[in-house]
Amino acid sequence: MTKGKVLFRFAPQATRDLHIGDLRIALFNYICALQAKDTFLIRIDDTDAEANIEGKDQEILKILSLFHIPVTNVTYQSHNRKFHQQLATKLLMDQHAFSCFCTPESLKKHDCTCEHLSDEAVLNNESPFCVRIKRPQHDITCTDRFKGTMHFKKETIDNFVILRVDKSPSTLFAAALDDMLGDISMIIREEEQLNHTPKEIMIRDYLGYDKEITYAHLPSICDAHTTSLKSLLEEGFLPSAITNYLIMTGNETPTEIFDLQEAISWFDLDKISTVTFDINKLRHINREHIKKTADLELAKFLGYSSQDIGAVAKVYTEEASTINEIKPKLDAIFAKKEPLEFQEEFATLRTVAQKAPFFKEFDDLKAHLAAKSGLKGKEFSTPLRFLLTGSDKGPNLGDIYPHIKNYLGEIIK
RNA sequence: GGCCCGUUCGUCUAGUGGUUAGGACACUGGCCUCUCACGCCGGUAACAGGGGUUCGAAUCCCCUACGGGUCACCA
């Protein structure tokens, strides 16, 4: 365990898919760690053995890597289980926690009074029990980078569970301890966990831990929970575009389009505000990132291996915003072509084109084909477009031709 | 309900006492054009409401409303 360093952490749950809200938090933690030149840690929350999904942790790490978030420092909370239990025992011995024999059903009828059971009564009770921490004796004050100083009255904090009946630590308890054991100094997380803060502080207070952890509770993205990262990637959004979007939205950025490296130089956590996920904006940013991607790399995203194809793909960003929208258009260029109209003209044109010499310029090819086929107007342009692109509409042929001219043999076969 | 947080066009954002309240995405009108688009030039559209403070308030103060979150042996 690193001592005396500022540590940032991202703690995804192994119980569900990563959504864009999670990635946003991960990104912000990572960027802040880089800015502070400090360590960034990923801590997989797998304390709830029943809810864990087999392989989900690996999937999460794989996705994070796609977004250039390093997965070199990874720990699992379940590995600390014996420490969690030891510390719970300490709280029990110090009278800061107590055994509770209530069941979820009995709690619906009356409040838990196990706090006041005598030692003897506890020892003689053979029923299963969980361990609850005692509510604090003082009000708790905590500071948040965004919210400032907050006071929580002691009555508002209940005797919450720290060890479940099966003696596994509750998530909140495990997190509070792991932040302590891991010497974490800055926690950036979602606002919905704001009310966990006094409880975590209280746990550490009882244990005599006095290092102050800085909290930053970010206003969350509305609808984030319904937008899984996996599905956005499957729809053909580029990781770099998603990163750009998440950093840009609810923020004030010097430019609209940027990459992670640029963002590190100016990112300011204090400017983040509440946002609603807007797919249109993401689409726009994705288009811009497609244009910025190197031709060859882009071609690979599309399942091709030639630089030229990447270049054509960029031409299509004028009418498509995702990899998945562009791919069928490229595939159509090389597919077998069966036009629904101007079929005779198409056949004539194809024959002429197959015999035509190679032309460097599209205008020259066009002039040659027009002269040899005798076609003009729509009867020429529509089948020509179909012959070259497999579609009756699309970008200017003049913009596409330079990138496909070397594949003409295959295209018009 | 208690506690916490928030509220500028549909969305994101500029604005920190004096602006025709600006920009971007989306939507939309025109031009361009072999098509759909792109591009260019336009357009619609916002300070949640009410009280103060002030010569003057989106901006400062108070109240209300609305929205979000949290109060689990879920995270």
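Residue numbers begin at 1 in each chain, while the letters A, B, ... track the order of the sequences. This is a predicted model, so every value here is computed, not measured.
In this structure K329(A) satisfies the salt bridge (charged side-chain N to carboxylate O under 4.0 Å, His left out) test together with E319(A), sequence neighbours excluded. Not a single side-chain hydrogen bond (donor to acceptor under 3.5 Å, both in side chains) links T389(A) to another residue, sequence neighbours left out. Listed by chain and residue number, S78(A) satisfy the side-chain hydrogen bond (donor to acceptor under 3.5 Å, both in side chains) test with D46(A) (two or more places apart in sequence, or in another chain). Under the rule for a salt bridge (charged side-chain N to carboxylate O under 4.0 Å, His left out), the partners of D270(A) that lie at least two apart in sequence or sit in another chain are R145(A). Residues satisfying the salt bridge (charged side-chain N to carboxylate O under 4.0 Å, His left out) test with K90(A), not counting sequence neighbours, are D94(A). With sequence neighbours left out, the side-chain hydrogen bond (donor to acceptor under 3.5 Å, both in side chains) criterion links Y407(A) to S306(A), D308(A). Applying the side-chain hydrogen bond (donor to acceptor under 3.5 Å, both in side chains) test to Y215(A) and every residue at least two apart in sequence or in another chain returns E200(A), R204(A).
Minimum atom distance to the side chain of T156(A) is reached by rC3(B), of the listed rA26(B), rC3(B), rC34(B). Distances were taken from every side-chain heavy atom of H196(A) (C-beta onward) to each of rC71(B), rC12(B), rA26(B); the shortest belongs to rC71(B). Distance from the side chain of T274(A) is smallest for rG6(B) among the nucleotides rU13(B), rG6(B), rU11(B). Closest to the L397(A) side chain, of the nucleotides rC34(B), rC25(B), rA72(B), is rC34(B). With rG69(B), rC25(B), rC34(B) as the choices, the nucleotide that has an atom nearest any side-chain atom of N280(A) turns out to be rC25(B). The side chain of D278(A) lies closest to rG10(B) when the candidates are rU70(B), rG10(B), rC73(B). For S273(A), whose side chain is taken as the heavy atoms from C-beta onward, the closest listed nucleotide among rA72(B), rC34(B), rU13(B) is rU13(B).
Using a 4.0 Å heavy-atom distance criterion, G250(A) is classed as a sugar-phosphate-only contact. Counting non-hydrogen atoms under 4.0 angstrom, T249(A) reaches the backbone sugars and phosphates but no base. At a threshold of 4.0 angstrom between heavy atoms, the contacts of S170(A) with the nucleic acid are absent. At a threshold of 4.0 angstrom between heavy atoms, the contacts of R287(A) are confined to the sugar-phosphate backbone, with no base atom among them. At the heavy-atom level, D166(A) lies nowhere under 4.0 Å from the strands shown. If you check every strand for non-hydrogen atoms under 4.0 Å, D399(A) touches nothing. Using a 4.0 Å heavy-atom cutoff across all strands shown, D48(A) reaches sugar-phosphate atoms only and no base atom.
Rounded to whole Å, atom C1' of rU70(B) lies 4 Å from atom CG of N195(A). Here rC73(B) presents its C1' atom at 10 Å from CG of L163(A), a figure rounded to the nearest Å. Separating the CD1 atom of I162(A) from the P atom of rC74(B) is a distance of 14 Å, rounded to the nearest angstrom. Whole-Å rounding puts the D268(A) CG to rU13(B) P distance at 14 Å. The NZ atom of K199(A) sits 13 Å away from the C1' atom of rG69(B) (whole-angstrom rounding). Atoms NZ (K56(A)) and P (rC74(B)) sit 20 Å apart, rounded to a whole Å. In this entry the distance linking CG of L340(A) with P of rU35(B) reads 20 Å, nearest Å. In this structure, the CD atom of E256(A) is 15 Å from the C1' atom of rG22(B), given to the nearest Å.
A salt bridge does not link K62(A) with E59(A): every distance from a Lys NZ or Arg NE/NH1/NH2 to an Asp or Glu carboxylate oxygen is 4.0 Å or more. Using a 4.0 Å cut-off between a side-chain N of Lys or Arg and a carboxylate O of Asp or Glu, E341(A) and K378(A) do not qualify as a salt bridge. Ionic pairing of D364(A) and K360(A) is not present here: no N-O contact between side-chain nitrogen and carboxylate oxygen is shorter than 4.0 angstrom.
Residue-to-nucleotide contacts include no donor-acceptor pair under 3.5 Å from the side chain of K281(A) to the base of rA26(B).
Pairs passing the ring-ring contact (aromatic ring centres under 6.0 Å, His included) check and including a residue from residues 70-89 of chain A, sequence neighbours excluded, read Y76(A)-H79(A).
Between S168(A) and rC73(B) there is no side-chain N or O to OP1 or OP2 distance below 4.0 Å.
rU64(B) sits 14 Å from rU7(B) when the C1' atoms are compared, rounded to a whole Å. As rounded to the nearest Å, rG67(B) and rG30(B) have P atoms that lie 40 Å from one another. Atom name C1', nucleotides rU20(B) and rC3(B): the rounded distance is 44 Å, in whole Å. Comparing rU11(B) with rC27(B), their C1' atoms sit 12 Å apart, to the nearest whole Å. rA14(B) and rC60(B): their P atoms are spaced 14 Å apart (whole Å). A distance of about 15 Å separates the P atoms of rC25(B) and rG42(B), rounded to the whole Å. The gap from the P atom of rC12(B) to that of rA48(B) amounts to 14 Å, rounded to the nearest Å. Only the C1' atoms considered, rC61(B) is 7 Å distant from rU53(B), to the nearest whole Å.
Mapped onto RNA chain B by nearest heavy atom, K271(A) and E191(A) fall at different nucleotides, with E191(A) at the one closer to the 5' end. For the pair L172(A) and M248(A), nearest-nucleotide mapping onto RNA chain B gives the more 5' position to M248(A).
At distances below 3.5 Å, at least one donor-acceptor pair connects side-chain atoms of K134(A) with backbone N or O atoms of Q95(A). Not a single donor-acceptor pair under 3.5 Å links the side chain of D179(A) to the backbone N or O of I184(A).
Contact check of residues 311-336 of chain A against RNA chain B (heavy atom, cut-off under 4.0 Å) returns E318(A), E319(A). A heavy atom closer than 4.0 Å to some atom of RNA chain B occurs in S381(A), R385(A), these being the qualifying members of residues 355-387 of chain A. Scanning residues 122-136 of chain A for heavy-atom distances under 4.0 Å to RNA chain B yields C130(A), R132(A).
There is no side-chain donor-acceptor pair under 3.5 Å between T243(A) and H68(A). Side chain to side chain, S168(A) and D166(A) meet the donor-acceptor criterion of an N or O pair below 3.5 Å. Checked by atom type, the side-chain pair T322(A)/N324(A) shows no donor-acceptor distance below 3.5 Å.
The two residues A241(A) and L282(A) come nearest to each other via the heavy atoms O-CD2, 4.1 Å.
With a 3.5 Å limit on both pairing distances and Watson-Crick or G-U wobble geometry required, the stems of 3 or more pairs in RNA chain B span B:1-7 with B:65-71, B:10-13 with B:22-25, B:27-31 with B:39-43, B:48-52 with B:60-64.
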